[in-house]
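Worksheet: one structure, shown below.
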Amino acid sequence: MPIIFYCFALKFEFLNCSALPICKREMAQPNVTLISDLDILKDDSTIKVKVINLWNLFSFYNKDELFSIELILIDEQGTKIQANVLRKNIYRFKNILKDGLAFYIQCPSFASQRMGGFTLTRQHHKLTFVRNTVLTECHDFSGPAFGFEFVDYQSIISLTHPKNTAIDVIGLVVAIGEMGRDNDDIKKHRLNIQIQDANVNLWGDFAYKMQGFLDNNSHNLRIIVIIQFAKLSIWRDRPTVNTYFSVSKLFINTDIDEINVFKKSLDGDDRPDSSTNTFTLMKSNKVSEHDDFMVKFQLKTIADVSEPVELGFSTQLYPGEINALKGLKLAFKISISRFNVSNNNNQYSICRVSDDEKLIEELENKFTVSQVGNSQSFDIGEADSESQDNRILKDAISGTDDNITPYTVDKNSATSPMKGFNTPTALKRNPEEVFDLELNEHLSSSKTPKISPEGRINQIVKVKLEKSG
C-alpha cells in the first residue's frame, strides 16, 4: 500500500517591537495592563503610566559617565513602580523621558528587585527599558499627579514604619537649625528642621533649596513642606526623616492641592499665612572640645563605669593597626545606653576622642581632686579608733560613688586586704544603681541601642595605652 506524505509549508511572522519607532504622537487605545497585574513571564505588556520622579545615576568609576536613568512610574490606579534605562539604551530614551509626562510603554522587561535593599515603592519588581521597548506619549492620563502616601508621625517616632521602605511626610515647619558644613562635599552639608513632631535632615541640594527659600521669603511666616521618597533612620539617637541622595523630592509652600488643603486644616480659614504659626531658628548645639570634656559630662575611670572582667588577653583579637595607639594618652567620651545598663554590657560607643595634652592634664587634675574629695568622705580619723574591718571595707569600696552600699563583708577578710578585693559578690555594683536611665519602651534592647538623648548618659573615660614589656 503506497504511503503518501503531505508537506505543509508553515510561515511564522513575529512582531519585532524594536522595528517600531519611538514616537510622541498619540496612538490608538491599546490593551493596557495595570502595574499590579504585570506578569514576570510576559514581555509584551503595555502599561499606561506617568513619570513622577526621574534622576540620573553616574558611573562609580567615572563621575561624568551616565550609567542609568532611574524613574518612578505611577498608573491610573495610583500603583507605583521603579524603572530604569541602562547605559546601552540611554541614547534611545533620554530626550523623550521627562518628569511629569505620561506614556504608553510597550514591551518593557519586568524582573524582581534585589531582596533586603531599600525600596522606593511597594512593588518587589522593577521595569527596565530594553531594546524592544516602545515609548509613546499619552495625553489622557487620569491618575494621581504625584502619588503621595503620607505616613503617620507616630509611626515615625515609634519606629513602627519599616526603615527599608521610602516614606512621604507633610507638615508645618516649626524649627530650623543652622547649615552644617563640616564636610567639603556639598552633598554632605545638612540642614536640620522640625516638622511638627518629626525630626528631619535635609542633605545637599535639598538643604540649600530650603535655605534659598528662607532667604527669599523672609516675610513668609508659615512654611508647609512635603518630602517624598525620604528615608527613615536613626540620627543622633533619634528617629529622623532624611532626604535620600537625589531621589527625594522637596515641595516648599508649592501651590498644589495637598499643601493647600493642609494649610486650611491648620486654622480652618483661607489665610495664606498666620502669625500664630511661626517657626523658630534653632541655635547650634556644638560645643568646644574643652567644654565637651570638662564641663558637660561626668569624669570617670573605666573601673567606675563597669566592673572589670578578666577573660585573658590574646593579641589575635585585635588588628595590627591598633599598635599605633601604644604609648598614646587619650581622653574618650563614651555613650552609655540603656542596653549597656540592662544587660551589663561593657562595650560602649566612642563619641569623641581628644589627644590635647593640656585638656588631658586638666582632666587628670580634675580626677585627682575628685579622688581626694571622695576619699575624705570615708576618712573617720585615728581619733575615732577606726577598726581594721572598717579600713578594709573603705579600701574595698570605690571612692567614686558615694551612694553604693555593700551587702556584707566577711570579717575574715580583715586579716588580708586582698581578701577584701576577692569578694565580688558582696561588692559588685549593679549598673542600674549607678546610672539612672529613662527607659524607652518603644525600642528593643536586643539590637544596637537607639534611644533619645534623655535616655543616654555620656561619660568621660581617661584611657592610657602602655607599651607592653
Specify the closest pair of heavy atoms between [X] and [Y], including all atoms of both residues, with the distance to one decimal.
X      : Y      : result
Ala102 : Phe141 : CB-CB, 3.6 Å
Asn95  : Lys98  : O-CE, 3.9 Å
His161 : Thr165 : CE1-O, 3.6 Å
Cys107 : Thr133 : O-OG1, 3.0 Å
Met179 : Leu191 : N-CD1, 3.9 Å
Phe129 : Leu135 : CE2-CD1, 3.8 Å

Nearest 0.5 Å, what's the [atom1]-[atom2] distance between [X] and [Y]?
X      : Y      : atom1 : atom2 : answer
Ile259 : Ile224 : CD1   : CD1   : 7.5 Å
Leu66  : Lys94  : CG    : NZ    : 7.5 Å
Thr128 : Asn89  : OG1   : CG    : 9.5 Å
Tyr153 : Gln196 : OH    : CD    : 4.5 Å
Ile74  : Ile52  : CD1   : CD1   : 4.5 Å
Arg238 : Asn192 : CZ    : CG    : 7.5 Å

Would you say that [X] contacts [Y] through its side chain, given a criterion of any heavy-atom pair below 4.5 Å between the two side chains?
X      : Y      : value
Asn253 : Ile223 : yes
Lys50  : Phe103 : no
Ile105 : Val49  : yes
Ser45  : Phe110 : no
Thr243 : Leu250 : no
Asp255 : Asn260 : yes
His125 : Leu38  : no
Ser112 : Ile40  : yes

Practice task
Decide side-chain contact (heavy atoms from CB on, under 4.5 Å) for Asn53 and Val51; before the verdict, give the C-alpha distance in whole Å, the side-chain angles of both, and the deciding distance to 0.1 Å.
Solution key: CA-CA 6 Å; Asn53 201 4; Val51 180; 5.9 Å; no
Heavy-atom count check: over 12 atoms from other residues, nucleotides or ligands less than 6.0 Å from [X] [atom1]?
X      : atom1 : answer
Asp184 : CG    : no
Phe262 : CZ    : yes
His124 : NE2   : no

Handout entry: Residues Asn201 and Thr240: side-chain donor-acceptor under 3.5 angstrom
Key =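 Per modelled atom types, Asn201 and Thr240 side chains form no pair under 3.5 Å.
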Problem - Side-chain donor-acceptor contact under 3.5 Å, Asn242 with Trp203 - result: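 Per modelled atom types, Asn242 and Trp203 side chains form a pair under 3.5 Å.
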Handout entry: Test item: Thr254 side-chain N/O and Ile256 main-chain N/O as donor-acceptor pair under 3.5 Å
Key = no
Practice task
Could you tell me whether a side-chain N or O of Ser248 sits under 3.5 Å from a main-chain N or O of Phe229, the two making a donor and an acceptor?
Solution key: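 Flag set: sc Ser248 to bb Phe229 pair under 3.5 Å.
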Practice task
Would you please test Ile176 and Glu178 for side-chain contact (heavy atoms from CB on, under 4.5 Å) and show each step?
Solution key: CA-CA 7 Å; Ile176 301 175; Glu178 297 177 355; over 6 Å; no
Handout entry: Check: Phe251 ring centroid to Phe148 ring centroid under 6.0 Å
Key = yes
Practice task
Would you please indicate if the ring centroids of Phe67 and Phe58 are separated by under 6.0 Å?
Solution key: no
Exercise for the section: Sequence neighbours left out, what passes salt bridge (Lys or Arg N to Asp or Glu O under 4.0 Å) with Lys249? Give chain and number order. Expected result: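 Testing Lys249 for salt bridge (Lys or Arg N to Asp or Glu O under 4.0 Å), a comparison that skips the adjacent residues, returns Asp99.
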Problem - Carboxylate-amine/guanidinium contact Lys188 Asp182, below 4.0 Å - result: no
According to side chain to side chain donor-acceptor pair (under 3.5 Å), does anything in [range] pair up with another residue at least two apart or in another chain? List the pairs.
range            : answer
residues 61-74   : Glu65-Arg87, Ser68-Glu70, Glu70-Gln82, Glu70-Lys126
residues 167-176 : none
residues 33-43   : none

Practice task
With side-chain contact (heavy atoms from CB on, under 4.5 Å) as the test, would you mind laying out the steps for Ile47 and Asp75 before giving the verdict?
Solution key: CA-CA 8 Å; Ile47 59 174; Asp75 65 15; over 6 Å; no
Practice task
Any pair with a residue in residues 200-213 that passes salt bridge (charged side-chain N to carboxylate O under 4.0 Å, His left out), sequence neighbours left out, goes on the list, sorted by first then second residue, please.
Solution key: none
Practice task
Kindly state each residue pair satisfying salt bridge (charged side-chain N to carboxylate O under 4.0 Å, His left out) with at least one member in residues 141-150, sequence neighbours excluded.
Solution key: Lys80-Glu149, Arg122-Glu149
Practice task
Apply side-chain contact (heavy atoms from CB on, under 4.5 Å) to the pair Val174 and Ile195, showing each step before the final yes or no.
Solution key: CA-CA 6 Å; Val174 296; Ile195 302 179; over 6 Å; no
